[in-house]
Amino acid sequence: MNSDPTAAAAGGALAPDLVQHWVDGALRAGVGGRTAPVTNPATGQVLRRVALADQEDTEAAISAADRAFPKWRDLSLTRRTEVLFSFRELLNSRKHELAAIITSEHGKVLDDALGEVARGQEVVEFACGLAHLLKGGFSENASTRVDVHSVRQPLGPVAVISPFNFPAMVPMWFFPIAIACGNTVVLKPSEKDPSAALWLAGLWKEAGLPDGVFNVVNGDRIAVDTLLTDPRIKSVSFVGSTPVAQYVYETGSAHGKRVQALGGAKNHMIVLPDADLDLAADAAINAGFGSAGERCMAISALVPVGGIADDLVARIADRAAKIVTGDGTLGCDMGPLVTREHRDRVSDYVDAGEASGARIVVDGRLIDPRGDAGGFWLGPTLIDHVTPDMSVYTDEIFGPVLSVVRVDTYEEAIELVNGNPYGNGVAIFTNDGGAARRFQNEIEVGMVGVNVPIPVPMAYYSFGGWKNSLFGDAHAHGTEGIQFFTRGKVITTRWLDPSHAGIDLGFPQNR
Ligand code: NAD
């Protein structure tokens, strides 16, 4: 074990050949020796390997979190706030380091990586208000000379399991709030881009977080299953694909845990005939191809209503052709996909759409990237005349592929979106306030944008979809995050005096 905090924070996550675990404030190599490659998607080269935790490694992290819990829970709100605030300051001053780590392992362009860090930082800033957020209520004289008050208390050790597409932001949707509320954390990041989590662990140590409050286990299903079944873990916050989210929700719940499991998405952008088509085309490009479409809030289905489709598709095609795809460190607009397998899978969907009769308007398979030939490239792809039965529409593709599903009426558009099994994000583009108001009311989706293509809620609201995009009751961060990471307790108090004397076997009534 290496206990030098700077080894993890200042490049230890990048420099070594092996990305280790972080347990009890120190690096841990892992017992089993299983590893997986971590690749730079812009070159195809293996940068380093990541340790895959066995049950024993995962249990070591849980034990560390369990041991650290009583002291951290009892630390004053003032002291906890100091640590959170210091973490925020360090993160803000060193965000470029973190963004570079994200770009090297995920592939998204540097600006986008910085944007991800900024959105995670907002949650840290929200959590800095923990003293206010954890205030309970007090009712004096609820009954005669009887007072009632409520408190919210932490759960204990909690687990966070995150996906590859936001290696810093998604963990930060959860752990700042969990820690602020007095819990201890075991984070299991994606094995595809694990270094951001380890860098964040080192930053916590520098910020003064006691050892054991924040732990990282790298790994695969073995680590996940241990977290889902170990009785010391009290809650699970998961983000990933829908089948795994459902599995995590069912397994964690069956083991008595509180679970929030955010799943996949198929986000629609409806454009009404009165919309400004240039602004709508810009938005479709940004939301469809930003981060190479590897965002759970990416727009993957464009739904033009009425006679505007040809015009809108032409404007989008024009813009898509100008996007520079290439290495995220070279100032390009769009980076590679995360792995070769994923790129091939996305490309296969384009083939399947073409074979089933859709028209490829812009073909990302033919891209000439600005970057290494070994990178996992696929350029922006625009497919028109997609119908709801084609796999390019029914499946979550998670790549730079924008499908155009033409409809004649507003009602048809609503029916399409509400009939989709996912319900993460949706957007409507219109200048008609009445139509937008009706849309907000009728649409069965958790996050709605009106002329906003990626309506990711601010940290002080809660993030989460409906239907197959979220299993469980609580959305991420905001007040739902505070509630998820705490349990309510109500205390009824009276200080006995002679007026309380006497025997009464009746059910207590307020007087
Ligand atoms: P994924 O489901 O493959 O992996 C997510 C996490 O689960 C990873 O930590 C992974 O190691 C683990 N995992 C994978 N397979 C597992 C299994 N069989 N058993 C137990 N654990 C397993 O997802 P991904 O490819 O990393 O991320 C992309 C997916 O995440 C997309 O579907 C995307 O929509 C979704 N996502 C959703 C949101 C949201 O807010 N709803 C946000 C980001 C990403």
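Whatever order the structure lists ligands and atoms in, that order sets their numbers, starting from 1.
The heavy atom nearest to atom 35 (C) of ligand 1, out of those in Gly240, Gly425, Pro163, is found in Gly240. Counting only non-hydrogen atoms, the option in Gly464, Ser162, Ala36 that gets closest to atom 6 (C) of ligand 1 is Ser162. The closest heavy-atom contact to atom 12 (C) of ligand 1, among the options Lys188, His475, Glu294, Arg221, comes from Lys188. Compare Asn165, Asn267, Leu470 by their heavy atoms: the one nearest to atom 43 (C) of ligand 1 is in Asn165. The option from Ala298, Ser469, Gly263, Gly446 that lies nearest to atom 41 (N) of ligand 1, judged by heavy atoms, is Gly263. Atom 13 (N) of ligand 1 has its nearest heavy-atom neighbour, among Val244, Ile397, Thr242, Leu227, in Val244.
By the side chain to side chain donor-acceptor pair (under 3.5 Å) test, Asp111 pairs with no residue at all, sequence neighbours left out. For Asn468, there are no side chain to side chain donor-acceptor pair (under 3.5 Å) partners two or more places apart in sequence or in a different chain.
For Phe166, no heavy-atom contact with ligand 1 is shorter than 4.0 Å. Looking at Tyr422 against ligand 1, nothing comes within 4.0 Å, counting heavy atoms.
Protein heavy atom in closest approach to atom 21 (N) of ligand 1: Val224 CG2, 3.4 Å. Among all protein heavy atoms, the one lying closest to atom 7 (O) of ligand 1 is Phe238 CE1, 3.3 Å. Of all protein heavy atoms, the one closest to atom 26 (O) of ligand 1 is Phe164 N, 3.0 Å. The closest protein non-hydrogen atom to atom 40 (O) of ligand 1 is Phe463 CE2, 3.0 Å. Ranking protein heavy atoms by distance to atom 2 (O) of ligand 1, first place goes to Ser241 OG, 2.7 Å. In this structure, atom 28 (C) of ligand 1 lies nearest to the protein heavy atom Phe398 CE2, 3.6 Å.
For ligand 1, the atoms closer than 4.0 angstrom to any heavy atom of Asn424 are 41 (N). Ligand 1 places these atoms under 4.0 Å from at least one heavy atom of Glu191: 10 (C), 11 (O). Remark: ligand 1 atoms within the under-4.0 Å shell around heavy atoms of Trp173 are 40 (O). Within the listing of ligand 1, atoms 34 (O), 36 (N), 37 (C), 38 (C), 39 (C), 40 (O), 42 (C), 43 (C), 44 (C) sit less than 4.0 angstrom from a heavy atom of Cys296. Shown in contact with Glu396 at under 4.0 Å from a heavy atom are these atoms of ligand 1, numbered in order with element: 31 (C), 32 (O), 33 (C), 34 (O). Distances below 4.0 Å separate heavy atoms of Gly264 from the following atoms of ligand 1: 32 (O), 34 (O).
The two atoms that bring Val123 and Trp173 nearest to each other are CG1-O, 3.9 Å, heavy atoms only.
For Val239, no nitrogen or oxygen atom sits less than 3.5 Å from a nitrogen or oxygen atom of ligand 1, counting backbone and side chain alike.
Ring pair His268/Tyr393: centre-to-centre distance below 6.0 Å. For Phe126 and His477, the ring centers are positioned 6.0 Å apart or more.
Ion pairing of Arg48 with Glu105 is present here, as a side-chain N (NZ or NE/NH1/NH2) and a carboxylate O approach within less than 4.0 Å. Using a cut-off of 4.0 Å between Lys/Arg side-chain N and Asp/Glu carboxylate O, Arg258 and Asp473 are scored as not salt-bridged.
The aromatic rings of Phe174 and Phe485 stand perpendicular to each other, their planes meeting at an angle above 60°, with 30° marking the opposite boundary.
Counting heavy atoms of neighbouring residues, nucleotides and ligands inside a 6.0 Å radius, atom CD of Glu444 exceeds 12 of them. Glu56 CD: 12 or fewer foreign heavy atoms inside a 6.0 Å radius.
With Asp57 contributing its side chain and Val217 its backbone, the two residues share no donor-acceptor pair below 3.5 Å.
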Discussion item. Could you go through Phe376 and His342, starting from their C-alpha distance and side-chain angles, then the distance that decides it, and tell me whether this counts as ring pair (Phe, Tyr, Trp, His ring centres under 6.0 Å)?
Written reply: CA-CA 9 Å; Phe376 310 138; His342 185 54; over 10 Å; no
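Taking the ring centre of Tyr247 as origin, the terminal cationic atom of Arg221 falls inside the region bounded by 6.0 Å and 45° from the ring axis.
Within a 4.0 Å radius of atom 4 (O) of ligand 1, the protein contributes no non-hydrogen atoms.
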